[in-house]
Amino acid sequence: MLNRNSAIKEKYSIGKYPTEDNIKIIFSVNHNLTIQQIAAWPDEISNIEKLLSDQLGLQQNIDFNRGEILNNNSVWRMEPSKWWLLGTSIEVPENLGTSLELSHAFTSISIEGKKSDILLNRHLPLDLRLDNFPINSSASSAIHHVSVKLFRIKEKEFRLFIPRGFALSIWEILLETASQFGYEIKDN
Amino acid sequence: MTRFNAWNVFKNGFTGQKNWDRQWRDPEPKKEYNIIIVGGGLHGLATAYYLAKNHNKKNIAVLEKGWIGGGNAGRNTTIVRSNYMMPGNHEFYEHSLKLWENLSHDLNYNVMFSQRAHVSLFHSPSARDGAARRYNIMRLHGTDGELWDLDTLKKNIPHLNYNNARFPILGAAVQKRAGNARHDSTVWGFARAADSLGVDILQNCEVTGVKRSQNNIESIETSRGTMKAKKVGFAVAGHTSLLWQMAGLGNLPIESHKLQAFVTEAIKPLLDQVVVYGVGGAHFYISQSDKGSMVFGGDLDWYKSYAQRGNLPMVQDSAEAAMAIMPCLGRIRLLRHWAGVMDMSMDGSFFICKTPLSNLYLNAGWNYGGFKASPASGWYFADLIANEQPHKNVQNHNLERFEQGINIDERGAGPDPKLHG
Amino acid sequence: MIRIKCPYCGERDHSEFTYGGDASVEYPVLDASVSEWTKAIFFRENIRGIQKETWHHTNGCRLWLEVERSTITHEIKSVKACHPQIDKITKNKS
């Protein structure tokens, strides 16, 4: 496998900011993540759902705007006919849909901590309250005209996916916003 | 009517400037006119003026549903330029600029035309090549145009963002004869001049129906009664499609979109030119009014609408663009923003043409460019109505050009009206 | 801000979407006359009132949507996915 270079490397300085204490946000970048996008032909959506549950051992189909975390990987419904597989991949028969390798297209950032939802809401016009956006929810939206994907892992833990070419500028914006809460950039 | 001149201003000074006449009459509608122009904006008023002045036509009425100049004439950013490239367009807009240069004298009304230069920034070598091509074509046709390098630009406009712009400024394409004018004065000047040549300006006179025979318009029904007309001209940018359908003529190659403009609180002299910024998705133009307000605008709101009010995403985009090129505006307060309804045509160019009805003429599809075009628009539309055939400069600005494959698409954006910015 | 109820993502700001155009236009057959094609591509009813139009949820689920919206008040009457199969499954969910 290629030795991957993080898109935000030049602005990824491990440490606590602006001071050592009162840290309410913790950032870490997810290196070496693999993303497989599976898109079903519109008439084959239920067959792709079956394929996913057979191959991944899902108990039930992944609902709209939802995901499921398995052992070392996860599967997320991104669109009515599209899924993302993180950390694993499966064979997709051509008659059912298409498979696209997106591992190098996105920068994935973990955002945890007491103020993680507040930080995100400084930029994302989404209702992130727990009953509206529960754990294992997924959403697509935009920060500063840049398309982003957001997953909720825990109540105060999110994963943000930014198109690689725009990742650095969004990262800078997030850090600037986070400095009012106190943040830490962690080695991952 | 009393002419404006130094002697009359001096004379009226003795009576506190209270003895001026009404600037234009408020006549009762007649039952019949030789020519009815629907639309009392700049284009309609200019058309009536040039019909009377250039072609000696009598018995003309201009119908306006609200008050004159209350539509797009009062909702634009008042920029006047002629940096057009396509055949037909450059002759037309250059003619318009020439009319502007003498308009205050011609109308005996100060339209405050200020040739302060139109400075169009470029940010990449390929944008500079594009500007060189466009401005060379203009020069070959007798329009002024020049390229400024960075040093010249810095000397002339010192407070643009030369330090840390995401897209560094490399220079500018400049038309020095371009500038801006006072929109209300232009409306009032045309109205006053047309009125003094006998044109009836009928305000609060909304067209409610068009009565026609097979090939003709017989009469126009309005909120102030029915009027017969030998010839009718439509000049109602924004709402052309509605009038067109009222006349039973079907669809037009036009969509109505709204375009916002913004004005800030007044500040001391800051910007002595019209500056245009366009790179990537950004589009922004700014100048300073005589009162000191910064007047600026950007793109359309991107969706079809007849609402004369702007939406928030474009406020954000325009503010971001302002900060990108003039960070010194960061703390200025916005006073107002509003929107006008544009006739966005399918190729971004206008229509001055005959129609399927023998006595109906169309003036429409002004996209972003209606204000600067208004004197020439009136000039060529009057010429068309009087001579019953289009002048060679506007011979392709008709409704047939799409079927004939001779679209006049300055921007090369294709048949998507919202993209012809 | 116009808020569009995306059948997949839920209610979102219109700035996430791209306006497509008049959804009532029907394209003629490929070998139709030039004049029929000209009408379909260049001529519009330009409705002042409720019109059927397309929007693309560019910064969202990327579905093309068919929206009924007033061009005077911007009020939205209905939203559905353009693709009939996607429309069916999104309707089943809601």
Side-chain angles (χ1 to χ4, degrees), chain B residues 236-246 249-258 281 299-317 339 341-349 351 364-365 399-407 409 414-419, chain C residues 1-6 11-28 31-60 64-79:
Chain B
V236 290
H239 291 70
T240 312
S241 297
L242 302 180
L243 207 54
W244 195 251
Q245 281 152 13
M246 227 181 249
L249 290 167
N251 294 355
L252 279 174
I254 287 174
E255 268 187 14
S256 296
H257 285 257
K258 63 190 162 88
D299 274 314
L300 298 169
D301 271 12
W302 294 128
Y303 54 87
K304 213 194 95 178
S305 173
Y306 282 92
Q308 287 178 312
R309 56 180 187 279
N311 215 328
L312 293 170
M314 203 45 68
V315 180
Q316 184 186 1
D317 285 3
V341 183
M342 310 288 114
D343 267 5
M344 296 304 293
S345 70
M346 281 289 177
D347 60 358
S349 291
F351 306 102
L399 297 168
E400 290 78 42
R401 65 179 184 251
F402 300 103
E403 189 164 342
Q404 293 162 350
I406 45 172
N407 306 0
D409 192 340
D416 192 344
K418 67 177 182 290
L419 299 182
Chain C
M1 191 73 83
I2 304 172
R3 301 271 287 170
I4 299 175
K5 263 197 189 126
C6 171
E11 194 174 11
R12 297 290 183 87
D13 290 353
H14 85 268
S15 54
E16 282 186 10
F17 298 78
T18 308
Y19 177 72
D22 191 332
S24 66
V25 177
E26 278 178 29
Y27 291 112
D31 55 359
S33 68
V34 171
S35 118
E36 276 176 87
W37 271 104
T38 306
K39 279 198 182 90
I41 290 177
F42 295 104
F43 285 73
R44 294 287 176 267
E45 199 180 340
N46 199 13
I47 293 168
R48 186 174 187 273
I50 307 281
Q51 79 160 9
K52 236 198 253 176
E53 59 194 23
T54 54
W55 288 78
H56 183 221
H57 199 179
T58 327
N59 285 331
W64 274 99
L65 306 175
E66 188 180 303
V67 176
E68 282 181 299
R69 180 185 64 101
S70 164
T71 58
I72 310 169
T73 63
H74 302 161
E75 185 189 359
I76 288 176
K77 296 283 181 199
S78 74
V79 184

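Just so you know, these numbers come straight off a predicted model, no measurement behind them. Within every chain, numbering begins at 1; the chains are lettered A, B, ... in the order of the sequence lines, protein sequences first and strands thereafter.
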Taking side chain as everything from C-beta outward and backbone as N, CA, C, O, which of these in B/D347 sits under 4.5 Å from a heavy atom of chain C? Side chain, backbone, both or neither. neither
Top of B/L252, B/V341, B/L312 for chain C proximity - count of heavy-atom pairs under 4.5 angstrom: B/L252
Heavy-atom donor-acceptor pair, B/Q245 side chain to C/E45 backbone, under 3.5 Å: yes
Would you give the length of the straight line joining atom OH of B/Y306 to atom CD1 of C/I72, rounded to the nearest 0.5 angstrom? 9.0 Å
Spatial distance of atom CD1 (C/I47) from atom CD (B/E255) [nearest 0.5 Å]: 10.5 Å
B/S305 OG to C/R69 CZ distance, which is reported to the nearest 0.5 Å: 6.0 Å
Who wins among C/R48, C/K39, C/H14 for the most heavy-atom pairs under 4.5 Å with chain B? C/R48
Taking B/K304 for its side chain and C/Q51 for its backbone only, find out whether a donor-acceptor pair lies under 3.5 Å. no
Part of B/L242 lying under 4.5 Å from any heavy atom of chain C: side chain
Kindly determine whether B/D416 and C/Y19 satisfy side chain to side chain donor-acceptor pair (under 3.5 Å), including the steps that lead there. CA-CA 11 Å; B/D416 192 344; C/Y19 177 72; over 6 Å; no
Can you classify the ring geometry of B/Y303 versus C/W55 as parallel (below 30°), tilted (30 to 60°) or perpendicular (above 60°)? tilted
Passes side-chain contact (heavy atoms from CB on, under 4.5 Å), B/N311 versus C/M1? Steps please. CA-CA 6 Å; B/N311 215 328; C/M1 191 73 83; 4.3 Å; yes
Nearest heavy-atom approach of B/R309 to C/T73 is NH2-O, 3.7 Å
